[in-house]
Amino acid sequence: MQNNHRRRIISLQMLTFEFRKTIGNPYVHIFGVGMPVLMMIIITRAVMGQVADEAMRVQANTSVFLGIGALIPMATIFMGYGVSNAQELEKGIPQRMELFGIRPGVSICNRILSEAIFVVLAFLIYFITGYTLVELKAPKPAGALLYGICILALSVVLFCLAYAISSLLQKFSLTYCVTMLVYFAMMILGGMMGISYDNMPGPLQTVAKFLPVTYINRDFHTVWNGERYRFAPMLQSYLLMAAVAGILMFFALKRRSRKLH
């Protein structure tokens, strides 16, 4: 009993420790909170100036709002955690923590929880700002639930991808470069940088089809409104991205076990 109690205390301390590290990372505040809010306001203001019909304007605003929301896990988890983990690996922090009896699994689990808490807080700020400053359509309960599930699934895949990339590269500069390039590539191909999917060249459309953010940005207003939607292409993109993340994680964990032995 005493052992279990001690483990729970350590877990609570680790959660606080990991959350402090998360909020201490400037990338998550700039790219994970500030940038999505700013982009959402700027783009919806541009829509207001171009679309006269109120119903069409609200629909366009809602589509932009939901699509830009995907930037929060992309920046907070994929880029923020990836860069932070690489920095810690470069300094040998995980190895030092193991010397104090803190297992990697405990650290990772608490980091996942801390990232999840921060993402929820970021979405609260995003939604409050959006519904205060912009004309948006209220969701159907099923649409809001499905949006939450899709964002959660995307967050899990991005966490695995960030962990794998940072563990394989193990250098802050390289990880920063790779995650930043992938981040902006997902933004461009997902249609968040002013180029819609329909206006992309054929080869880019082919690549964009394999990214979940493309469907969140392009189609999710349909689900939000409670209309019928064919989920098969979106599901395939999630499975493909999860497979890539899983393969990279396999090599990252294999490399880690080799170092330990």
Side-chain angles (χ1 to χ4, degrees), residues 19-81 83-84 113-156 158-159 180 183-184 186-188 190-196 211-226:
F19 187 70
R20 281 178 181 169
K21 284 200 296 184
T22 301
I23 61 174
N25 186 345
Y27 297 101
V28 300
H29 299 286
I30 297 166
F31 293 102
V33 181
M35 191 172 173
V37 169
L38 190 63
M39 282 184 67
M40 179 262 295
I41 292 170
I42 291 170
I43 297 172
T44 52
R45 286 285 182 271
V47 169
M48 284 173 67
Q50 293 176 5
V51 182
D53 183 73
E54 187 181 351
M56 286 181 68
R57 187 169 64 246
V58 171
Q59 185 75 3
N61 283 346
T62 306
S63 181
V64 169
F65 177 77
L66 297 173
I68 297 297
L71 287 179
I72 294 173
M74 282 167 58
T76 302
I77 295 175
F78 178 66
M79 200 170 72
Y81 171 70
V83 168
S84 174
L113 280 173
S114 71
E115 294 285 346
I117 292 166
F118 187 86
V119 166
V120 169
L121 293 174
F123 265 105
L124 278 175
I125 294 168
Y126 184 72
F127 270 78
I128 290 168
T129 307
Y131 275 93
T132 303
L133 302 178
V134 182
E135 293 178 280
L136 297 170
K137 195 162 186 178
K140 298 291 180 184
L145 179 64
L146 286 168
Y147 184 75
I149 290 169
C150 287
I151 291 293
L152 176 63
L154 179 65
S155 300
V156 171
L158 289 174
F159 185 90
M180 184 68 83
Y183 171 78
F184 279 109
M186 284 195 289
M187 281 184 67
I188 293 165
M192 299 175 190
M193 297 290 279
I195 306 170
S196 67
L211 297 174
V213 289
T214 299
Y215 301 96
I216 294 172
N217 185 56
R218 189 187 66 180
D219 300 335
F220 219 92
H221 64 275
T222 305
V223 183
W224 191 255
N225 296 334

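Atom OG1 of T62 and atom CZ of R57 lie 11.5 Å apart (nearest 0.5 Å). The distance from the CG atom of L146 to the NZ atom of K140 is 14.0 Å, given to the nearest 0.5 Å. Taking OG1 of T129 as the start and CG of L38 as the end, the distance is 11.0 Å to the nearest 0.5 Å. Rounded to the nearest 0.5 Å, atoms CG (N25) and CE (M79) are 8.5 Å apart. Rounded to the nearest 0.5 Å, atoms CG (L154) and CZ (F78) are 10.5 Å apart. Interatomic distance, OG1 of T44 versus CG of L133, reported as 8.5 Å (0.5 Å rounding).
In this structure, H29 contributes its side chain and G34 its backbone to no donor-acceptor pair below 3.5 Å.
Here the side chains of M180 and F31 are in contact, with some heavy-atom distance below 4.5 Å. Inter-residue side-chain proximity for L158 and M186 is flagged as met; some heavy-atom pair is nearer than 4.5 Å. Using a 4.5 Å heavy-atom threshold, the side chains of F65 and V134 count as separate. Taking 4.5 Å as the limit, every side-chain heavy atom of Y147 sits out of range of all side-chain heavy atoms of P139. Counting heavy atoms from C-beta outward, E54 and E135 have side chains that approach closer than 4.5 Å. No side-chain heavy atom of H221 sits under 4.5 Å from any side-chain heavy atom of V64.
When every heavy atom of G80 is checked against every heavy atom of V28, the shortest pair comes out as CA-CG1, 4.0 Å. Of all the heavy atoms in I216 and L66, the pair that sits closest is CG2-O, 3.7 Å. For the residue pair A122 and I72, the shortest heavy atom distance occurs at CB-CG2, 3.7 Å. When all heavy atoms are compared, the tightest approach of S155 to I77 is CB-CD1, 3.5 Å. When all heavy atoms of N217 and S63 are compared, the closest pair comes out as O-OG, 3.6 Å. Shown here for M187 and L71, the closest heavy-atom pair between the two residues is CG-CD2, 3.4 Å.
Ring orientation note: the planes of Y131 and F127 are close to parallel, at an angle under 30° on the 30°/60° scale. Ring orientation note: the planes of F159 and Y81 are close to parallel, at an angle under 30° on the 30°/60° scale.
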Take Q59 and W224, measure what side chain to side chain contact (heavy atoms under 4.5 Å, CB included) needs, and give me the verdict at the end.
CA-CA 10 Å; Q59 185 75 3; W224 191 255; over 6 Å; no
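Of the residues R45, M40, M39, the one that meets the side-chain contact (heavy atoms from CB on, under 4.5 Å) test with I43 is M39.
Applying the 6.0 Å contact sphere to CD1 of I117 captures more than 12 heavy atoms from other residues, nucleotides or ligands.
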